[in-house]
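So the structure is just underneath, and the comments pick up after that.
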Amino acid sequence: TQRTTMQSTPFRRLRKQNSSVSGRSHRFRVAVFGQAGVGKTAFNVRFVTKRFIGEYDPTLESIYQRAYIVPPNYPVFYEIMDTPGQEENNSVMLEKIKWADAFVIVYSITDRQSFAEIPRLKFLVSHTISNNGQKYCTKSNTPIVIVGNKNDLSRDRMVSRSEGEKLALELGCSFYEISVRESIDEIAFIFEQLYRSFRQVE
Ligand code: GDP
Ligand code: MG
């Protein structure tokens, strides 16, 4: 797979525009996991560019970057790792898990199979064992959120909102049900909350 970097407004420019912002930006790395087709790339591109394009190269592996002010005034430099969602060996997964400060695990409410994958992915994130037997556990306070996407497709719904909520509660994760197609603000809010939770700020 190719790896590219996509950049939105450079932080220096953003800082000039937001002169009320004080302090230096804080780099914050988010990895997004979930089965192929659930809308991970759509989710990331929505946050970084505000656009919904519709079709995304499923094999492309990117790190997106966005300088963003988390309200009230935390300047954050987001780095977001999009993943292809097909099986990768444990060492590759481990490398990605070590890289990230926080995690988003996505399923589609129209695809029960993608929902069934969530516990496995959550446990993979919390404790991974690489091919050479190396063990790695994320810190217990690492933010992990579960996102049920495509809730605009209510006629094709296969997973109820309460099932999503229940699973997230059992796994100790926050939960959101969203439509990347229909919203921008909710997606930004998820990224904001991830950061607040990581920094333990309000
Ligand atoms: P990925 O494989 O997880 O990266 O999934 P993509 O981001 O490539 O999205 C897979 C397909 O689902 C694309 O055709 C998207 O347009 C579509 N999609 C993503 N999010 C939504 C959504 O919220 N609603 C609807 N209706 N389609 C979506
Ligand atoms: Mg993708």
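Each ligand, and each atom within it, is numbered from 1 in the order the structure gives.
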Looking at [atom], what's its closest protein heavy atom, distance included?
{"atom": "atom 7 (O) of ligand 1", "value": "A42 N, 2.8 Å"}
{"atom": "atom 27 (N) of ligand 1", "value": "K150 CD, 4.0 Å"}
{"atom": "atom 14 (O) of ligand 1", "value": "E55 OE2, 3.0 Å"}
{"atom": "atom 13 (C) of ligand 1", "value": "G54 O, 3.3 Å"}
{"atom": "atom 20 (N) of ligand 1", "value": "N149 ND2, 3.1 Å"}
{"atom": "atom 10 (C) of ligand 1", "value": "G37 O, 3.6 Å"}
{"atom": "atom 5 (O) of ligand 1", "value": "G39 N, 3.0 Å"}

Heavy-atom distances under 4.0 Å are what count here, so tell me which part of [X] touches ligand 1: side chain, backbone, both or neither.
{"X": "V106", "value": "neither"}
{"X": "E182", "value": "neither"}
{"X": "V38", "value": "both"}
{"X": "F43", "value": "neither"}
{"X": "D152", "value": "side chain"}

Taking 4.0 angstrom as the limit and counting only heavy atoms of A36, give me the atoms of ligand 1 inside it, by number and element.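 In order of numbering, the contacting atoms are 2 (O).
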Using a 4.0 Å cut-off to any heavy atom of L153, which atoms of ligand 1 qualify?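 Ligand 1 atoms under the 4.0 Å threshold to L153: 26 (N).
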Mutual orientation of the aromatic rings belonging to Y78 and F191 [parallel < 30°, tilted 30-60°, perpendicular > 60°]: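 Judged by the thresholds at 30° and 60°, the geometry between Y78 and F191 is perpendicular.
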Anything under 30° is parallel, anything over 60° is perpendicular, the rest tilted; go ahead and classify F123 against H127.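 Judged by the thresholds at 30° and 60°, the geometry between F123 and H127 is parallel.
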